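Read the structure below first, then the notes.
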Amino acid sequence: MEASYRFDTIESDVQQRWDAADAFAVKADDREKFYCLSMFPYPSGKLHMGHVRNYTIGDVISRYHRMCGRNVLQPMGWDAFGLPAENAAIKNGVPPAQWTRENIAAMREQLKQLGFAYDWSREIATCDPSYYRWEQWLFIKLFEKGLVYRKESVVNWDPVDQTVLANEQVVDGRGWRSGALVEQRAIPQWFARITDYADELLDDLDGLDGWPEAVKTMQANWIGRSTGLEIDFAVAGHDAPLTVYTTRPDTLHGATYMALAADHPLVAAAADADPDLAVFCDECRTAGTAEADLTTREKKGYRLPVEAVHPLSGAYLPIYVANFVLMGYGTGAVMSVPAHDQRDWEFATAYDLPIVPVVADANGNAPDISEGAVAEKGVLVNSGEDNGLDFEAAFAAIADRLEGRGIARRKTQYRLRDWGLSRQRYWGAPIPIIHCDDCGPVAVPEADLPVELPEDVTPQGAGSPLPDMPEFVNVDCPACGKAAKRETDTFDTFMESSWYFARFTCPDANAMIDERAHYWMAVDQYIGGIEHAILHLLYARFFQKLMRDLGLAVHDEPFKALLTQGMVLKDGAKMSKSKGNTVDPQALIETYGADTVRLFSMFAAPPDQSLEWSDAGVEGANRFLNRLWRLVATHVAAGAVAPATSAEGEGAELRRKLHETIAKVGDDVGRRYTFNTAIAAIMELVNALGRLDDTPSADLQGVRQEALTAIVRMLAPIAPHICDALWRELGHDGLVMNADWPVADEAALVRDTLTLVVQVNGKVRARIEVPADADRDTVAAAAVADENVTRHIDGQPIKKTIVVPGKLVNLVV
RNA sequence: GCCCGGGUGGCGGAACUGGUAGACGCGUCGGAUUCAAAAUCCGAUUCUGGUGACAGAGUGCGAGUUCGAGUCUCGCCCCGGGCACCA
């Protein structure tokens, strides 16, 4: 064999073997299936390190399960609609369709170079009409079932560019291109009733054992199910009451004012008579719609000339318009209890409103509210007949009383809002609706799907070109036949990524999905960035349930297990062009080969943590592969091999190390997903083999053959090209990916003696060697007998002896 | 601001169930090889004191629980992700 490691010839040769064998195409069979999916990329132009890391993790898991004998599906595709294509079109004058398809071709090439084991026959690009026609179809089904509806909703409007801006395109309240102050405009948009599924989406989290707790917690908090009380406050001089929702009816006695959204009907009426109020309301509306902006801005209010009546005390409470209350949340009105809610406290302090504590602290005293609100639950004070009740009792008593008077209702509420599906953009899937003056919005008939997006178009920057295309817009109403207009909004791109995992199981199905999905779904392992913990993953779970309820799918959840990948950093910061700290994977592949890049990506950090990129570390990974290659070359040169027979001595030691490593690597790769520690263990074993003579005894040569055969298989999922080549150099036939994953020989793991740590008062004072089967007393006696231990005991009586079998002895004096 | 993570040598990280802190790799230093260099190989490498055996300190900061805490509890600081139109 070649004396040195030539990654370039090896990688191209091995990839040709895979292609010739069509090694990654799969179909349903009798074996246990394993569906491994990495989040598909947006085709931005070329791969970045985050992609390399994500897809290497997925490939390692896929190849491991293949070697364990499972029928592994690992597909790849393109999340091809989105804003960057339109930006590129404006900048370069290239149609988004062309730009996107060129990027896909380039990135597909890079993925192939990296040697990922994808079944390319299943490739999907979401901008293809053959894909998005089925989400148009789904939308129509939801429309028929009443699960999508139209309502007014606010968008960021750039008055100069005459276009709707994404939140990302609003910088400090101004349009990123025009610099104009962004306005908020309400326009009719399509929404999906994800709130109808809120309970199921929340409750089913409990069954997702393979998901990180952090993600489940984030989703649960996002859905935010609460049980509270809806209370009507009478408004002096008005017939209509002011309705609020609270999860803390126990604090009702402490309500000292009310706060309303600028768009609340009560405010609108008052604003007609008060120009200053109208101005204030406009200011409230100019701020962005992002929740972060809303909660961090300075709290401002404007007092209305009307007052509310406290339902228990009958006191008159001032009513403010407040810039931190939004009409879109709850009822658009809040009862403010400044003693027990921090936001209310800040507002009350700023506007000099009374702050009345009504929940006692742990000692039963009125809490200290001089520095801020106290939100902890406790026993009521200053609350008249409700004094002394705890949270549950106070909730029940107050709810019962108000319900009895017909001015309150117990209610379960969600923080989750319905999903806005409409985007006023060109590069997306058209919403299959026709607007007719007589019939209203009418679904495009199924036979007319897909509604194809005209592709030979280059947006110029002043909004979507679709409304200006009569050939697209003008159409006859499918219901009455009269002239009508096509909807020109397109879908949110989360639509495409909410069901692609199911389409991969049957990419050519003449339906959204077919029965092949029943075999492959659910995804056994899903891998992607933690930044998708809420939105994408929640929408995908929602779609799975929609597809189930339409009779298309049989599974309740799309992803059995989830691995959230950490970010790739350089110099402690996220890689970005503006910071100039990017690393181009292409250059590294060309310098060191795909296997080195893959190996370093897996070695530098566990997958769920952020990874600090290091060029020196890449060289280290490359050095290791060189060393492994030379080790195999030396071994092969040493000649014929007898089977390993070692029962004692150096051979037995080495075999124990080998089988300990096999056990550890199997656990690290198969259960823990800590590929970094698996690689470290393999490196230790390779180091141990490197200490042998080049031409050892026949016995040791046999052990070395056994070890190298195991190492090459264990490393094959991570560095598949070099391992495939080494597999054949070691005298094996076929592809290493079709070999069996090694299994540890229990007999080789047996130890005669153990090393225990001896502590005196919790400090390590000695290490002792004891027989593996030594009992407690023998171990304790050996510990006390140690010279250094005796010195530290210093004649003092031993009060307590703690023996942890196989680990340590602690002597307490 | 709210929700969710993270913080360990000069650096990336290891320590899985409360039981030897620093595996493995990088870097650095010393040595071998070489005419010389690269590559490769060997050794050392948490800090402080000591020739050494060894001793003391040490896992963001401050308290606590425990025979024993990087790991558990409470309070803080800093960094990152998400916050509904970036994907």
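Note that the coordinates shown come from a computational prediction; the quantities given were computed from them, not determined experimentally. Throughout, a chain's letter reflects where its sequence line sits, starting with A, and its residues are numbered from 1.
- At G25(B), one or more side-chain N or O atoms of Asn687(A) fall inside 4.0 Å of OP1 or OP2 (strictly under the cut-off).
- Between the P atoms of U8(B) and C2(B), the separation comes to 25 Å (whole Å).
- Near-neighbour residues of RNA chain B inside residues 44-51 of chain A, defined by a heavy atom below 4.0 Å, are absent.
- Asn167(A) has no side-chain polar atom (N or O) that falls below the 4.0 Å cut-off from OP1 or OP2 of C83(B).
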Per-nucleotide protein contact string for nucleotides 66-71 of chain B, where B marks a base within reach and S marks sugar-phosphate only (heavy atoms under 4.0 Å, - for neither): -B----
Working for ring-ring contact (aromatic ring centres under 6.0 Å, His included), residues Phe324(A) and Phe347(A): CA-CA 10 Å; Phe324(A) 55 87; Phe347(A) 189 86; 5.5 Å; yes
Between N or O atoms, less than 3.5 Å apart, protein on one side and nucleotides 73-79 of chain B on the other: list the pairs.
none

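- Taking only side-chain nitrogens and oxygens, Arg630(A) comes nearer than 4.0 Å to OP1 or OP2 of C41(B).
- A salt bridge links Arg415(A) to Glu291(A): one of the charged nitrogens lies within less than 4.0 Å of a carboxylate oxygen.
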Between the protein and nucleotides 45-53 of chain B, are there any N/O to N/O pairs under 3.5 Å, and if so, what are the atom names and distances?
none

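- Salt bridge Glu213(A)/Lys216(A): present, at least one basic N to carboxylate O contact under 4.0 Å.
- Residue Arg767(A) forms a side-chain contact (heavy atoms from CB on, under 4.5 Å) with just one option from Thr755(A), Leu808(A), Val758(A), and that option is Thr755(A).
- The side chain of Thr493(A) places an N or O atom within less than 4.0 Å of a non-bridging phosphate oxygen (OP1 or OP2) of A87(B).
- Applying a 4.0 Å cut-off to non-hydrogen atoms, the residues of residues 185-198 of chain A that approach RNA chain B are Gln189(A), listed by residue number.
- Within 4.0 Å of Tyr42(A), counting heavy atoms only, lie sugar-phosphate atoms of the nucleic acid but no base atom.
- Under 4.0 angstrom from either OP1 or OP2 of G56(B) there lies at least one side-chain N or O belonging to Arg765(A).
- Among the protein residues, Thr217(A) comes within range of the sugar-phosphate backbone only, with heavy atoms under 4.0 Å from sugar or phosphate atoms but none that close to a base.
- At the phosphate of A39(B), neither OP1 nor OP2 sits under 4.0 Å from any side-chain N or O atom of Arg627(A).
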Structure string for RNA chain B in dot-bracket form, Watson-Crick and G-U at under 3.5 Å, | interchain: (((((((..(((......[....)))((((((.......))))))((((....))))..(((((..]....))))))))))))....
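- Heavy atoms of Arg791(A) sit under 4.0 angstrom from primed sugar atoms or phosphate atoms, though from no base atom.
- When heavy atoms are screened at a 4.0 angstrom cut-off, His532(A) is found touching base atoms of the nucleic acid.
- Base orientation for G9(B): syn, the chi torsion being within 90° of 0.
- Met567(A) comes within contact range of the sugar-phosphate backbone alone, with a heavy-atom separation under 4.0 Å but no base atom that close.
- At the heavy-atom level, Arg671(A) lies under 4.0 Å from base atoms of the strands shown.
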